[in-house]
Protein chains: 2
Amino acid sequence: MQQKVHQLFADIIDVHYPKSACSACDLRDLWCLPIGLKSEEFHQLDNIINRRKRIKRGEHLYRVGDVFRSLYALRTGFFKTLFISENGQEHVTGFHMTGELLGLDAICNDNHSCNAIALEDSEICEIPFSALENLCREIPALQKQFHKIMSREISRDQGLMVLLSSMNADERLAAFLLNLSQRFGARGYSPHQFQLRMTRGEIGSYLGLKLETISRTLSKFQEDGLISVQNKHLVLNDLARLKRITERTHTNAAPGSAQT
Amino acid sequence: MQQKVHQLFADIIDVHYPKSACSACDLRDLWCLPIGLKSEEFHQLDNIINRRKRIKRGEHLYRVGDVFRSLYALRTGFFKTLFISENGQEHVTGFHMTGELLGLDAICNDNHSCNAIALEDSEICEIPFSALENLCREIPALQKQFHKIMSREISRDQGLMVLLSSMNADERLAAFLLNLSQRFGARGYSPHQFQLRMTRGEIGSYLGLKLETISRTLSKFQEDGLISVQNKHLVLNDLARLKRITERTHTNAAPGSAQT
DNA sequence: CGTTGTGTTGACGTGTTTCAAACTACGTGG
DNA sequence: CCACGTAGTTTGAAACACGTCAACACAACG
């Protein structure tokens with residue numbers, strides 16, 4: 001939830017990508033793999049990565065059951081990942097943006113257990129996993145970074161578990177909007193306004209709420225002057241007050257053993 | 001949710017532990033690290049592991065903010081892990097039993113972000129993480145296994161996210177009981193009856209329900225003849241019917257894009 | 001310019017929480 | 001070993017937050 005993402009680079013988006021090698025990739029200070037590598041090591045990483053595959057809006061990057069061979073680094077664009085349960089219902093498990101790594105949940109199975117679908121035209125780098133493992137054995141900094149990325153995914157999911165098991169609709173949506181804001185901010189976009197790439201239904205599926213509840217809560221936030229919504233365009237007028245909503249006290253927690 | 005755990009070893013529990021080296025550890029076929037190592041490699045792993053630390057019931061293995069140096073393999077016993085939110089409320093994020101690895105969420109932070117508390121007298125093996133990373137660079141099978149364990153943790157958490165965002169109280173509790181049953185079964189205990197190590201409140205915190213709801217739902221299951229509860233002792237009379245409960249159709253899913 | 005997907009809003013229903021009271025198991029110390 | 005206090009559990013009645021169903025509005029797209 002409170003990912004320590006560097007807020008330092010306000011210009012990574014609108015530049016042109018001169019080359020697409022990792023060593024030239026503007027994302028390397030984000031949570032992408034190459035963080036902290038020496039230039040020599042960059043080139044080793046470059047060599048294993050298949051660069052710049054394009055995925056159009058609505059297309060799948062992978063599907064449930066696909067053989068797992070590669071991780072995917074999201075270069076530009078926006079993805080959702082989702083499970084499909086026996087009865088055919090979709091459950092959105094995440095929204096993913098520039099610099100994030102997709103496919104980590106498939107390593108344990110040798111095939112993918114969720115679908116990844118582009119919510120806007122996107123570009124990804126394919127990282128063959130066995131080659132990455134080989135390289136991790138040669139480059140300790142890469143190994144360390146990869147472990148941190150996996151661990152961070154675990155932390156992120158656990159944060160969402162806490163949200164889902166203890167927050168009401170207002171709190172969930174406020175936390176969701178703040179999370180988007182913070183991630184856009186970290187990528188050089190404005191944290192105060194942005195386009196929602198997903199539908200109300202997808203937000204609801206992700207937050208464990210119905211789409212009507214999302215719509216109503218957005219309307220309420222707007223009436224309260226917290227935000228302004230028009231279709232998918234969102235303006236956050238008061239980040240501090242949104243934050244305060246997420247911190248409201250509830251009682252859906254385990255009692256006992258409240259040692260300090 | 002549907003972890004492919006080997007059901008093959010019905011005798012791992014009641015034997016004595018002659019030595020406690022990894023190579024002699026009865027857990028090595030479970031999801032503990034050494035799966036698939038050669039005997040020579042076992043000894044390398046043995047050398048870095050500090051064996052058989054005892055944690056009494058109610059004691060912490062680690063706390064929020066503790067510096068992260070080691071992972072912990074649970075040798076015998078039972079743990080819960082929990083977050084504490086700003087307002088001091090506890091949120092149980094997991095229950096952990098024999099053969100599982102604790103502390104994976106701390107790798108990304110260099111300190112622990114949750115508390116791990118023993119729910120019964122337990123024994124753990126401490127695995128210094130930097131030594132493990134070094135060894136992973138030397139032993140590909142160990143590296144592969146470690147990556148699978150981390151990925152499996154991600155899958156597990158995502159399964160719980162789906163549960164929390166789309167299931168009602170009956171379904172959550174049925175899924176929870178089946179999960180316990182399956183994990184006890186995989187460890188050579190009976191999948192049909194066992195002791196609950198945790199309180200109703202802790203189950204509720206984990207499942208996003210109040211303790212009263214857990215109590216009521218257990219009572220209802222008992223009236224229906226599905227289970228028998230007496231305090232913490234639980235008998236599952238009809239696993240198939242429990243399973244069917246978890247598969248009931250709901251509508252808390254994203255609409256649209258239902259391509260096959 | 002209609003069609004389809006998406007969003008909004010209202011009225012109503014219901015599953016879960018809240019609050020409260022009583023009961024049971026458990027551990028400690030006398 | 002019993003008495004006591006504490007922690008945990010059960011059950012009921014009432015309140016409420018969110019879901020359900022339905023009607024309509026709007027936008028995007030071919």
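Just so it is clear: chains get the letters A, B, ... in the order the sequence lines come, proteins before strands, and each one is counted from 1. If you're wondering where the values come from, they're calculated on a predicted model, not measured in any experiment.
- B/Lys220 comes within contact range of no nucleotide atom at all, as no heavy-atom separation falls under 4.0 Å.
- Scanning atom types as modelled, no donor and acceptor separated by under 3.5 angstrom connect the side chain of B/Arg200 and the base of D/dT11.
- If you measure from atom CE of A/Met167 to atom C1' of D/dA17, you get 17 Å, rounded to the nearest angstrom.
- Each of D/dT10, C/dT9, C/dT17 was ranked by its minimum atom distance to the side chain of B/Leu211; first place goes to D/dT10.
- Within 3.5 Å, a donor on the side chain of A/Arg216 pairs with an acceptor on the base of C/dG10, or the reverse.
- At C/dT6, none of the side-chain N or O atoms of A/Lys232 fall inside 4.0 Å of OP1 or OP2 (strictly under the cut-off).
- Rounding to whole angstrom units, CD1 of residue A/Ile203 and P of C/dG7 are separated by 8 Å.
- Classification of B/Glu153 and B/Arg156 as a salt-bridged pair holds, one side-chain N sitting under 4.0 Å from a carboxylate O.
- When the nucleotides D/dT11, C/dT16, C/dT9 are ranked by their closest atom to the side chain of B/Ser215, D/dT11 comes out on top.
- In this structure, the CD1 atom of A/Ile214 is 11 Å from the P atom of C/dT8, given to the nearest Å.
- Using modelled atom types, one finds no donor on one side chain facing an acceptor on the other under 3.5 Å when comparing A/Ser181 with A/His192.
- For the pair A/Asn231 and A/Glu212, nearest-nucleotide mapping onto DNA chain D gives the more 5' position to A/Glu212.
- Taking the side chain of A/Asn168 as heavy atoms from C-beta on, and the options D/dT11, D/dC18, D/dC29, the nearest nucleotide is D/dC18.
- Comparing atom distances between the B/Thr213 side chain and each of C/dT9, D/dT11, C/dT17 picks out C/dT17 as nearest.
- Atom-to-atom, CD of B/Gln230 to P of C/dC26 comes out at 10 Å; the value is rounded to the nearest Å.
- In this structure, the ring of B/Tyr62 has its center less than 6.0 angstrom from the ring center of B/His112.
- Of the candidates D/dC18, C/dT16, D/dT10, C/dT16 carries the atom nearest the B/Ala169 side chain, counting heavy atoms from C-beta on.
- The existence of a salt bridge linking A/Arg248 and A/Asp170 is confirmed by a sub-4.0 Å separation between a basic side-chain nitrogen and an acidic carboxylate oxygen.
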